[in-house]
2 protein chains.
Amino acid sequence: MDPHLLRTFVTVARLASFSAAARALGYTQSAVSQHVASLELDLGAALLSRRPVAPTAAGERLLEHAGPLLLRLEAARADVVRMAAAPAPGLTLAATPTALGPAVLAALPPNGVTVRVLAREEIPAAVATGGADLGLVAGLAAPSDPLRLPDVAPLTTHGVAEEPVGVLLPAGHPLAGRRGLRLGDLADARWLEAPDAALPLDQLRAANGGGAFRPALRYEGTDLHTLTALAAAGHGLTLLPRSAVGAVPGTVAVPLTAPRVVHRTELLHGGSPGAAAGEIVRKLVGGA
Amino acid sequence: MDPHLLRTFVTVARLASFSAAARALGYTQSAVSQHVASLELDLGAALLSRRPVAPTAAGERLLEHAGPLLLRLEAARADVVRMAAAPAPGLTLAATPTALGPAVLAALPPNGVTVRVLAREEIPAAVATGGADLGLVAGLAAPSDPLRLPDVAPLTTHGVAEEPVGVLLPAGHPLAGRRGLRLGDLADARWLEAPDAALPLDQLRAANGGGAFRPALRYEGTDLHTLTALAAAGHGLTLLPRSAVGAVPGTVAVPLTAPRVVHRTELLHGGSPGAAAGEIVRKLVGGA
DNA sequence: ACGATCGATAAGCTCTGCTGATGGCGATGG
DNA sequence: CCATCGCCATCAGCAGAGCTTATCGATCGT
């Protein structure tokens with residue numbers, strides 16, 4: 001189970017071709033063929049069906065393992081190398097769009113910071129591999145409960161903010177006049193599916209304990225402004241933290257009253273944040 | 001970052017000796033020395049201080065990564081190999097002691113089952129590496145909340161049982177007459193620290209939001225009978241599911257009224273449970 | 001002060017793991 | 001229906017990775 005073999009295996013599976021994988025990895029086709037053969041011999045099972053090239057059941061299973069495994073390996077490597085190398089000058093922060101609330105923005109130093117907006121699942125990977133010094137992930141959770149994050153490496157997490165959530169409705173919506181809304185009442189409404197910008201709909205289903213939450217329009221960007229514009233235009237509802245739905249023209253934000261969930265933001269960092277990163281951690285987390 | 005090198009590195013660090021690690025791994029001392037040197041060259045940092053042999057800061061960090069990494073690798077390997085190999089006849093179940101509640105016991109087939117009681121953290125590893133077909137982990141959680149388990153591999157979890165928890169008190173205890181108890185009122189009592197048999201005390205601290213929960217006696221076994229005997233003898237309190245504290249002579253079980261937590265049992269299994277395992281999963285999980 | 005032990009280093013050998021060439025097989029097109 | 005092309009498997013050959021044996025300097029205990 002040499003990681004090299006694993007890497008060529010996943011490349012072959014992804015490209016569905018031995019030759020293409022060889023080109024991509026800088027090997028000859030022969031070497032790739034031997035890699036896969038050696039893996040199959042080692043595991044005692046066929047991993048790929050040839051002609052056309054497609055993973056077998058065992059191969060599919062190995063693929064599920066291989067991704068996280070290689071990611072963790074890279075993370076471990078990057079983490080240790082980073083300790084030894086000279087600390088890079090700037091400070092990079094990876095965050096989901098709604099994680100950049102007022103509390104976070106106030107804690108940032110005046111200069112030298114790079115902010116990188118990424119999809120939810122990419123944040124732990126970025127922090128673990130050193131692509132970012134700090135990560136900020138937002139999600140829906142019961143009050144004071146931690147978020148569930150994939151653990152690619154031993155990272156430290158701290159809750160930094162909890163905000164009530166509101167439903168963003170176009171101004172003319174029948175429910176726009178309400179004082180509060182229950183999530184269950186909205187299960188059959190049309191929703192915006194914006195997994196990288198807002199909260200993914202399956203988090204809503206989980207919080208509500210089921211429900212349809214039909215996606216009416218899928219938005220794959222990370223831009224909140226576009227998302228609110230889509231909501232204003234009536235393409236669907238979306239759930240956002242209160243601080244983000246303050247004054248969006250053409251919309252009304254109605255607080256969510258049930259279930260009792262909050263928009264929780266968590267800060268994550270590796271074992272030894274640099275000086276600048278440590279400063280921010282202290283500011284955001286407080287005395288903890 | 002060859003896993004072999006990683007393995008020798010952790011062995012050297014564990015044994016604090018190059019020569020001893022060489023003996024343990026079946027290499028010569030020279031080979032071990034070269035392994036470590038090659039790792040250090042690759043990562044560009046000293047990992048071990050020699051004479052005496054102890055990990056450096058970077059080495060400590062690498063050690064944190066190495067354990068889960070090697071475990072995951074072994075899990076991946078075992079998982080794929082298992083798919084190909086002939087299914088073993090029996091069925092092995094790994095469980096924490098309190099996870100074997102009445103609901104679980106009723107679902108077991110009459111014969112061919114091996115039950116193995118393990119510490120909490122070992123269960124996911126056992127299931128992932130094929131040491132067990134199914135795992136049962138019990139822990140404290142808010143009602144209907146999932147437990148937090150370490151993810152060594154892509155495993156599937158299902159909640160199978162939730163029970164109220166009770167505090168086990170010796171018969172003569174001042175609080176033994178109460179109808180219910182609040183966890184906060186017991187923070188300063190003497191507790192049994194039995195991480196492998198009952199719930200670890202830090203879970204109590206987490207559930208209570210702090211508190212001392214001083215360990216008076218530490219019990220490292222997994223035997224519930226011994227644990228209840230210790231509790232009866234007044235060596236400390238312990239928290240157990242109601243079904244486990246029914247009629248322990250010399251003790252009184254008082255329900256816990258606050259915070260609202262339950263003793264939750266979760267079933268976990270790999271991607272493709274065998275026929276017998278699948279049967280149990282269906283019985284325990286129901287229609288889900 | 002001396003012997004024992006430990007880790008680093010050098011030299012040599014073996015076998016892994018790569019390349020380049022060739023062959024079988026299936027798909028495509030005239 | 002056959003020629004051609006592209007794909008993957010296999011073979012032979014070679015460079016180097018990786019192990020062992022041998023030896024040295026340093027450290028510790030007696």
Side-chain angles (χ1 to χ4, degrees), chain A residues 1-60 62-63 66 69-70 73 77 80-81 84, chain B residues 1-60 62-63 66 69-70 73 76-77 80 84:
Chain A
M1 288 276 293
D2 185 330
H4 289 149
L5 304 188
L6 227 48
R7 200 171 59 106
T8 70
F9 168 66
V10 302
T11 310
V12 170
R14 184 166 49 87
L15 301 178
S17 156
F18 283 56
S19 321
R23 258 170 278 135
L25 297 171
Y27 287 132
T28 57
Q29 173 265 322
S30 171
V32 169
S33 183
Q34 290 174 48
H35 277 186
V36 174
S38 134
L39 252 185
E40 293 185 322
L41 183 70
D42 178 28
L43 297 176
L47 298 173
L48 292 168
S49 67
R50 327 296 155 104
R51 239 180 283 273
V53 174
T56 63
E60 291 279 7
L62 184 58
L63 281 175
L69 205 61
L70 294 175
L73 236 155
R77 184 194 174 65
V80 176
V81 167
Chain B
M1 288 277 293
D2 185 331
H4 290 156
L5 304 189
L6 227 49
R7 198 169 61 104
T8 70
F9 169 66
V10 303
T11 309
V12 171
R14 184 165 49 84
L15 301 178
S17 156
F18 282 57
S19 320
R23 257 170 278 134
L25 297 171
Y27 287 131
T28 57
Q29 174 265 322
S30 173
V32 169
S33 183
Q34 290 174 48
H35 276 186
V36 174
S38 132
L39 251 186
E40 292 185 323
L41 182 71
D42 179 27
L43 297 176
L47 298 174
L48 291 170
S49 67
R50 328 295 156 102
R51 247 182 276 275
V53 174
T56 64
E60 290 279 8
L62 185 56
L63 281 175
L69 235 157
L70 293 174
L73 236 157
R77 184 193 174 65
V80 176

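Within every chain, numbering begins at 1; the chains are lettered A, B, ... in the order of the sequence lines, protein sequences first and strands thereafter.
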Does A:Thr28 place a side-chain N or O at less than 4.0 Å from the phosphate oxygens OP1/OP2 of C:dG20? no
Rounded to whole angstroms, how far apart are CG on A:Leu47 and C1' on D:dC8? 16 Å
Would you mind telling me which residue lines up with the more 5' stretch of DNA chain C, B:Arg23 or B:Ala37, judged by nearest nucleotide? B:Arg23
A:Thr56 side chain to A:Ala46 backbone, donor-acceptor under 3.5 Å: yes
Which one, D:dC19, D:dC7, C:dG7, comes nearest to the side chain of B:Gln29? C:dG7
Among D:dC19, D:dC8, C:dG7, which nucleotide has an atom closest to any side-chain atom of B:Arg50? C:dG7
With a non-hydrogen cut-off below 4.0 angstrom, is B:Ser38 in contact with a base, only sugar-phosphate, or nothing? nothing
Phosphate OP1/OP2 of C:dC18: any A:His35 side-chain N/O under 4.0 Å: yes
Nucleotide nearest A:Val53 (side chain, heavy atoms from C-beta), chosen from C:dC18, D:dC8, D:dC19: D:dC8
For B:His4 and C:dT16, give me the distance from atom NE2 to atom P, rounded to whole Å. 13 Å
I want to verify a distance call: between D:dC8, D:dC19, C:dT19, whose nearest atom is closest to the A:Tyr27 side chain? C:dT19
Under 3.5 Å, is there a donor on one side chain and an acceptor on the other for B:Gln34 and B:Ser38? no
For the pair made of CG in B:Asp42 and C1' in D:dG18, what is the distance, rounded to whole Å? 15 Å
d(CG, A:Leu41; C1', C:dT16) in whole Å: 14 Å
Heavy atoms, side chains only, cut-off 4.5 Å: are B:Val53 and B:Leu15 in contact? no
Are the side chain of A:Gln29 and the backbone of A:Ala22 linked by a donor-acceptor contact shorter than 3.5 Å? no
Given D:dT20, D:dC11, D:dC8, the nucleotide with the shortest approach to the side chain of A:Ser30: D:dC11
Do the side chain of A:Gln34 and the base of C:dT19 come within less than 3.5 angstrom through a donor-acceptor pair of N or O atoms? yes
Side chain of A:Ser33, heavy atoms from C-beta onward: which of D:dC19, D:dT10, C:dG7 has the nearest atom to it? D:dT10
If I take atom CG from residue A:Leu25 and atom OG1 from residue A:Thr8, how far apart are they, to the nearest 0.5 angstrom? 6.5 Å
May I have the distance from B:Leu48 (atom CG) to C:dC6 (atom P), rounded to whole angstrom? 16 Å
